[in-house]
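Presented below is the structure to which this report refers.
None of these values were measured; they are calculated from a predicted model. Both counts, for ligands and for their atoms, begin at 1 and track the order of listing. Any value given below was found using the heavy atoms of this structure, including those in side chains, with hydrogens, waters and symmetry copies removed.
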Amino acid sequence: MIKDHSYFETNPTQLVMEPTISDEWESNRTVVLMGHMDTVGVDDFGAEQAMAFKPEEWKAHLEGETLPEAVQDQVESDDWLFGRGVLDMKSGVASNIYLLTQYASNPELLDGNLVFIAECDEEDGSHGILSALKTLKRWQLDEGFEYVAAINADFVAPAYAEDENRYIYKGTVGKLLPSFFITGEKKACRLCFRRP
Ligand SMILES: [Zn+2]
């Protein structure tokens with residue numbers, strides 16, 4: 001072996017092994033699939049908070065409720081799930097996992113790279129994706145990843161009642177969450193005050 005020669009034993013850095021460029025892996029183009037695992041709170045489930053994360057139980061419970069017609073149809077259909085986090089956004093993360101495993105099983109179909117990110121925090125301060133940026137940057141430098149798209153599979157909502165369209169948004173969005181706290185003192189109104 002060349003490396004066993006005394007000269008190269010003394011100068012080992014002069015012997016390098018260069019990986020060849022593979023035909024299959026020429027592209028560094030990289031798509032980021034991202035989504036978040038956290039949800040907002042469940043206070044709005046009231047007395048039924050225990051069912052918030054149990055889609056089957058929650059759906060069975062809803063079947064006994066008086067609901068708007070469109071929701072009633074969905075409750076009775078096998079095509080819909082209900083519960084906190086089902087829409088926002090574990091269904092999106094599930095779609096991304098499906099894509100990831102499809103390409104992991106058939107890597108020859110992909111000319112480039114996929115990065116899958118499941119973030120622990122979006123609903124608070126987006127600390128999940130902000131933390132992931134370090135790793136994305138490192139792979140850009142070390143692996144030569146060229147990020148061409150980031151797909152956030154968070155939910156999209158109908159633009160108006162009975163809107164059947166499914167929207168795909170492109171570009172970037174910022175996030176601003178204004179809140180208003182209004183308080184006051186309840187006073188008896190002179191006009192409607194009546195003596196008993
Ligand atoms: Zn979300």
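Note that the CD atom of E119 and the CG atom of D154 stand 9.0 Å from one another [nearest 0.5 Å].
Restricting D154 to its N/O/S atoms, the shortest distance to the Zn ion (ligand 1) is reached by OD2.
The backbone N or O of L133 sits nowhere less than 3.5 Å from a side-chain atom of T135 that would complete a donor-acceptor pair.
Put simply, E123 stays out of reach of the Zn ion (ligand 1), with no N, O or S atom under 2.8 Å from it. Taking 2.8 Å as the criterion, D88 counts as a coordinating residue of the Zn ion (ligand 1), since one of its N, O or S atoms falls below it.
Residues N152 and H36 bring no donor and acceptor atom of their side chains to less than 3.5 Å of each other.
In this structure, Y147 and F145 have perpendicular ring planes: the angle between them is above 60°, well past the 30° mark.
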